[in-house]
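This report refers to the structure that appears directly beneath it.
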Protein chains: 2
Amino acid sequence: MREVIEKEPRDIFVNYLKGKGLRNTRQREEILDAFLTAKRHITVEELYKIVAKKDPGLGYATVHRNLNLLRECGLAEEIKIGKQKMRFEPPFGHGHHDHLICLKCGQIIEVSDETIEHLQNKLAAAHDFAPVKHKLEIYGYCGKCR
Amino acid sequence: MREVIEKEPRDIFVNYLKGKGLRNTRQREEILDAFLTAKRHITVEELYKIVAKKDPGLGYATVHRNLNLLRECGLAEEIKIGKQKMRFEPPFGHGHHDHLICLKCGQIIEVSDETIEHLQNKLAAAHDFAPVKHKLEIYGYCGKCR
DNA sequence: TTTAGTGCAAAGGCTTTGCAGATGT
DNA sequence: ACATCTGCAAAGCCTTTGCACTAAA
């Protein structure tokens, strides 16, 4: 009676591939798995090392190519803080991208609050904008570094 | 009777230089001016072209070096969206870093709302965190692209 | 005059691309 | 079978660095 709504990251990816006539390969599975399982904010190099450990022949370029696909379909987002390397962020908690970021030690605390959904809709409505998702980053100092 | 509180971007920069025993040069002035005057989210190349027009001998490396200083003292922030080039964002509206970003055309609408200040303090308080500033990005589709 | 800054060019570091062989569909 | 993928290595693109000269303080 109804289509399965694509909700799981894996489904989103597979559907995206299908929609573009792309194929699903062993390497794609491995990279997707590693990415989704990873700690937050993984670098390309970290991801490469993880997959290369299981699949030593896998190439760096393949990681890049697939990370680009993951970004295109909305599963990966780049973030860069200060001089740190670029990192890719997996989709946490179904659209919760709210972070407290320590300016000193770089620690990132993930938080969540409903208020922001309302705020999002309110701001969007005021600017003829259809919101899809948001990202909130609060910079400051964590308990240890204060 | 009282010190001038460093508030203007220019003062922040000059004080930062002083504090580190660095010098103020013609090139620094030009780059700072161009950066502060620039449209939002300028790329290194765009900034280079602006200053190089006024001062043809000025080198690319100098722009980079000074952009790094601007970042170190908190005046410049890197942002990257999708496959776009890295951009540097000047400090707008005294700490307002709230954007509506169109997923299709890439347009960035700057917005501002007080609610978020409260939200920031609330979230920070709940995690033993001392907030300094925030950045909110709402992704979606603008009126034209909807 | 002393030390940091600049410009240039070379070096680095990371991402993308070209190609031949491998592999989903 | 046919078009896409992969792995490798080369090419590209920015950013950073080394050095001799210039210029703030």
Side-chain angles (χ1 to χ4, degrees), chain A residues 10 13-35 41-73 76-88, chain B residues 10 13-35 41-73 76-88:
Chain A
R10 162 170 244 96
F13 189 53
V14 171
N15 277 332
Y16 181 75
L17 294 178
K18 220 169 260 171
K20 298 198 78 170
L22 304 178
R23 294 164 183 173
N24 200 357
T25 64
R26 186 188 82 250
Q27 291 89 336
R28 285 196 172 142
E29 293 278 340
E30 290 170 351
I31 291 169
L32 175 64
D33 280 353
F35 180 65
H41 318 114
I42 200 170
T43 62
V44 177
E45 195 183 356
E46 289 165 351
L47 185 56
Y48 168 71
K49 281 182 180 159
I50 293 172
V51 291
K53 196 184 292 177
K54 290 195 173 180
D55 186 348
L58 201 149
Y60 217 108
T62 301
V63 175
H64 272 287
R65 282 187 280 235
N66 285 295
L67 223 25
N68 281 337
L69 285 177
L70 286 168
R71 182 177 51 203
E72 284 169 28
C73 70
E77 227 177 284
E78 287 164 318
I79 62 172
K80 178 162 190 205
I81 296 167
K83 280 207 110 167
Q84 291 176 35
K85 272 189 212 166
M86 183 73 70
R87 289 170 176 277
F88 286 81
Chain B
R10 161 172 244 94
F13 189 52
V14 172
N15 277 331
Y16 180 76
L17 293 178
K18 221 169 259 172
K20 299 198 78 171
L22 304 178
R23 295 163 183 176
N24 200 357
T25 64
R26 187 188 79 248
Q27 291 88 336
R28 284 197 173 141
E29 292 279 339
E30 289 169 351
I31 291 169
L32 176 64
D33 280 351
F35 180 64
H41 318 114
I42 199 169
T43 63
V44 178
E45 196 185 355
E46 288 164 351
L47 186 56
Y48 168 73
K49 281 182 181 160
I50 292 171
V51 291
K53 196 184 293 178
K54 290 194 174 184
D55 186 349
L58 201 151
Y60 217 108
T62 300
V63 175
H64 273 287
R65 283 187 280 233
N66 285 294
L67 224 25
N68 282 336
L69 286 177
L70 286 169
R71 181 176 52 204
E72 284 168 30
C73 71
E77 228 177 282
E78 287 164 318
I79 62 173
K80 180 165 187 193
I81 295 165
K83 282 206 109 170
Q84 292 176 36
K85 273 189 210 163
M86 184 73 71
R87 289 169 176 277
F88 285 82

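All chains are named by letter (A, B, ...) in the order of the sequence lines, taking the proteins before the strands, and each is independently numbered beginning at 1.
Side-chain N/O atoms of B:Lys83 include none lying less than 4.0 angstrom from OP1 or OP2 on C:dT15. An OP1 or OP2 oxygen of C:dT16 is reached within less than 4.0 angstrom by a side-chain nitrogen or oxygen of A:Asn68. The shortest distance between the side-chain N/O atoms of B:Asn66 and the OP1/OP2 oxygens of C:dT6 is below 4.0 Å. Phosphate proximity of C:dA4 to B:Thr25: absent, as no side-chain N or O sits under 4.0 Å from OP1 or OP2. Phosphate contact (OP1/OP2 of C:dG7, side-chain N/O of B:Thr62, threshold under 4.0 Å): present.
For A:Ile42 and C:dC14, the CD1 to C1' distance is 16 Å, given to the nearest whole Å. To the nearest angstrom, C1' of D:dC13 lies 10 Å from NE2 of B:His64. Across the protein-nucleic acid pair, B:Leu69 atom CG and D:dT16 atom C1' stand 14 Å apart, rounded to whole Å. Separating the CD atom of B:Glu45 from the C1' atom of D:dT15 is a distance of 13 Å, rounded to the nearest angstrom. Spacing between atom CG of A:Leu58 and atom P of D:dG7 amounts to 4 Å, rounded to whole angstrom units. Rounded to an integer number of Å, the gap from OH of A:Tyr48 to C1' of C:dC14 is 14 Å. Straight-line distance from the OH atom of A:Tyr60 to the C1' atom of C:dT17: 17 Å, rounded to whole Å. A:Leu67 places its CG atom 13 Å from the P atom of D:dT6, with the value rounded to the nearest Å.
One cannot find a donor-acceptor pair under 3.5 Å joining the base of C:dT25 and the side-chain atoms of A:Arg23. A donor and an acceptor atom never sit less than 3.5 Å apart when one is taken from the side chain of A:Arg26 and the other from the base of C:dT23.
Side-chain contact between A:Gln84 and A:His41 is absent, with no heavy atoms from C-beta onward closer than 4.5 Å. The closest side-chain heavy-atom distance from B:Phe35 to B:Val51 is not below 4.5 Å. A:Val44 has its side chain out of reach of A:Lys85: every pair of non-hydrogen atoms, C-beta onward, lies at least 4.5 Å apart.
B:Arg65 comes within contact range of at least one nucleobase, with a heavy-atom separation under 4.0 Å. Using a 4.0 Å heavy-atom cutoff across all strands shown, A:Lys20 reaches no nucleic acid atom at all. Residue contacts for A:Lys18: at a heavy-atom cut-off of 4.0 Å it reaches no nucleic acid atom on any strand shown.
A donor-acceptor contact shorter than 3.5 Å links the side chain of B:Arg28 to the backbone of B:Arg23.
Comparing A:Ala61 and B:Leu22 against DNA chain C, the residue whose closest nucleotide sits nearer the 5' end is B:Leu22. The nearest heavy atom of DNA chain D to B:Phe88 and to A:Pro56 marks one nucleotide each, and the one closer to the 5' end goes with A:Pro56.
For B:Gln27, the side-chain atoms get nearest to C:dT6 when compared with the rest of C:dT6, C:dT17, D:dT6. You'll find that the side chain of B:Lys85 is closest to D:dC14, out of C:dT6, D:dC14, C:dT25. Among D:dT6, D:dT15, C:dG7, the nucleotide with an atom closest to any side-chain atom of B:Val44 is D:dT15.
Using modelled atom types, one finds a donor on one side chain and an acceptor on the other under 3.5 Å when comparing B:Arg71 with B:Asn68.
Partner of B:Arg87 under the salt bridge (charged side-chain N to carboxylate O under 4.0 Å, His left out) criterion, out of B:Glu78, B:Glu77, B:Glu46: B:Glu46 alone.
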